[in-house]
Amino acid sequence: MTLEEFELLKIFPLQEWLVENEQEKPDQIALRKNLEPQLRRLLANQLKYWQRSKKKLPAYHQAGCILPGRAYEQASSEQAANLKDTTTGRVLDLTAGLGVDTLAFAKHGASVVALEANPVLASIGHYNLEKLGISNVNLLNQSAEAYLKSYTGRTFDLIYADPDRRDSSGKRQVLIDRLSPNLISLMPRLRELAPRLLFKLSPLFDPAEAIRIFPEISKLSVVSINREVKEVLVDIQFDEPGEFTQEAIVQLGEFQFRHSFPRKELLTISHWPDLDTHPTGYLFEPDPAYYRLRCLPQLFSTYYSDLNVTLNDSLGYGWGTNKPGAIPFPGQVYHIEAVCPYKPKSLKKMLKGKKIGIKQRNFPFTVQQIRKQLQVPDGSDHFLICTSQAKKNWAFLCKQAVKYFD
């Protein structure tokens, strides 16, 4: 979005127009002849993102904020932003962007200085903050590098960053030292200005790699919402690093889980019993956050020891005899109806007439390959869960045992 386009939207009664046209299809708006072509295109684009924002950015949706496409796509959801460990003190946000994380800090009572190097996005940010009724944010059109170099004021309680993972041409960057701003090169200055640094990495980033690059890390958190990893957060306490912990922050429907795992808790895996005895019981598949942290043994032994769960692999499934009770389990729980060696010919006979959801972990075939081998229609009557144990491939016919989160 250009500054000219922003000014055009700013003088247009956008919020009222969005409400009046909320049921319209954006591509139909683009064909309307009663609107000037440039405005027609802008309004179609704003309607598209405003409709999407109802769930992702409800406060922005309600206020009728201006939502530039690229900034919207890169922004956190308000739900994810609100799951961060915040502070009520002074916060320096190095990468305001659309301002979703800035808004979360401000709503929790912090006094925020937010930086945005893009002049158009900074102007939109000022407009949106006014629409949102936020007064405790000082948004500056300045790069992180320039601000940190010239700043001579008092220190902050927290410095936050969500580095841009795309270069000027839009190409996605993977290496941390290619992100903008480059936190590695800025680290000495950041130490001078705050006792704590919190920054976000891609949801695909390997937590083990973050620990290797930042040995001073105090806490590493994986944020997952409705079974999808949204953020990897690195928390560095410069003054009092303390003992390193990993944390899973999981939101499943109305339930929220926060489980911490000290690094020293490196537990051995207690394996499944012999499956040739055809055990009954339950299969447990924790939320993806726990798989990303590789902490399944700690999860079951520390927080859910009453389930008496064993694992076939550190990234596999849990098997136990006890069904979860009133305290929800952060993941999927399946009741085992049958277990047998993975032999497509005999499985096709057993599954005939059933609609099957297929899942696999620690298994040589993909879900698509399994479905092709078994030739069963997709569905949710039953689940066929495929995995390996003791160098053998197994198939569990299951039904979902509990539905806490649907």
Side-chain angles (χ1 to χ4, degrees), residues 1-82 93-107 111-144 147 162 164-166 168-170 180:
M1 184 179 295
T2 66
L3 194 57
E4 178 189 3
E5 290 171 333
F6 164 63
E7 293 294 339
L8 188 59
L9 284 176
K10 192 167 70 169
I11 62 174
F12 186 82
L14 181 62
Q15 187 172 6
E16 294 85 347
W17 184 89
L18 289 170
V19 173
E20 289 174 4
N21 292 274
E22 63 180 333
Q23 301 300 326
E24 296 290 335
K25 294 181 179 179
D27 55 354
Q28 294 299 313
I29 298 294
L31 299 175
R32 287 187 181 179
K33 301 298 184 183
N34 62 333
L35 294 170
E36 183 266 327
Q38 184 184 28
L39 182 60
R40 195 164 60 209
R41 177 178 56 81
L42 284 172
L43 290 176
N45 204 45
Q46 285 304 294
L47 181 61
K48 177 176 73 173
Y49 287 109
W50 184 75
Q51 289 172 339
R52 294 182 185 180
S53 70
K54 187 172 186 179
K55 185 175 181 180
K56 180 179 179 179
L57 304 176
Y60 286 69
H61 179 91
Q62 186 174 1
C65 291
I66 292 176
L67 303 171
R70 178 176 171 179
Y72 176 88
E73 298 291 353
Q74 294 182 345
S76 303
S77 68
E78 287 182 39
Q79 190 175 25
N82 287 323
D93 185 346
L94 300 178
T95 52
L98 196 56
V100 181
D101 290 312
T102 302
L103 178 65
F105 287 123
K107 283 189 171 182
S111 175
V112 186
V113 175
L115 310 177
E116 177 47 58
N118 184 305
V120 178
L121 205 49
S123 298
I124 293 173
H126 283 290
Y127 174 88
N128 286 345
L129 285 171
E130 185 175 345
K131 296 283 286 183
L132 291 162
I134 300 297
S135 59
N136 52 330
V137 173
N138 181 17
L139 177 59
L140 305 176
N141 178 206
Q142 202 168 0
S143 71
Y147 181 87
D162 177 11
D164 193 344
R165 294 184 282 276
R166 293 185 183 274
S168 57
S169 65
S180 179

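Worth knowing before you read on, the calculation uses all heavy atoms, side chains too, and leaves out hydrogens, waters and symmetry mates. Counting begins at 1 with the first residue of the sequence. Remember, predicted model here, so these are calculated numbers, not experimental data.
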Trainee: Restricting to salt bridge (charged side-chain N to carboxylate O under 4.0 Å, His left out), what partner residues turn up for K55, sequence neighbours left out?
Mentor: none
Trainee: Is there any ring pair (Phe, Tyr, Trp, His ring centres under 6.0 Å) pair reaching into residues 20-47, and which pairs are they, with sequence neighbours excluded?
Mentor: none
Trainee: How would you list, by chain and number, every residue that makes a side-chain contact (heavy atoms from CB on, under 4.5 Å) with E16, sequence neighbours excluded?
Mentor: P13
Trainee: Enumerate the residue pairs fulfilling side-chain hydrogen bond (donor to acceptor under 3.5 Å, both in side chains) with a member in residues 111-129, sequence neighbours excluded, ordered by first and then second residue.
Mentor: none
Trainee: In Å, rounded to the nearest 0.5 Å, how long is the span from CD of Q74 to OG1 of T95?
Mentor: 10.5 Å
Trainee: I'd like to know if K10 pairs up with E7 as an ion pair, taking the criterion as any Lys NZ or Arg NE/NH1/NH2 lying under 4.0 Å from an Asp or Glu carboxylate oxygen.
Mentor: yes
Trainee: List for me each residue that meets side-chain contact (heavy atoms from CB on, under 4.5 Å) alongside Q28, sequence neighbours excluded, and say none if there are none.
Mentor: K25, L31
Trainee: Who pairs with Y60 by ring pair (Phe, Tyr, Trp, His ring centres under 6.0 Å), at least two apart in sequence or on another chain?
Mentor: none
Trainee: Apply side chain to side chain donor-acceptor pair (under 3.5 Å) to R40 and list each qualifying residue two or more places apart in sequence or on a separate chain.
Mentor: none
Trainee: Tell me, please, which residues at least two apart from K54 pass side-chain contact (heavy atoms from CB on, under 4.5 Å).
Mentor: H61
Trainee: What residues, two or more places apart in sequence or in another chain, satisfy side chain to side chain donor-acceptor pair (under 3.5 Å) together with T102?
Mentor: D93
Trainee: Sequence neighbours excluded, which residues qualify as salt bridge (charged side-chain N to carboxylate O under 4.0 Å, His left out) partners of R41?
Mentor: E5
Trainee: Sequence neighbours left out, what passes side chain to side chain donor-acceptor pair (under 3.5 Å) with E22? Give chain and number order.
Mentor: none
Trainee: Quick one: side-chain contact (heavy atoms from CB on, under 4.5 Å) partners of L129, sequence neighbours excluded?
Mentor: I134, V137, L139
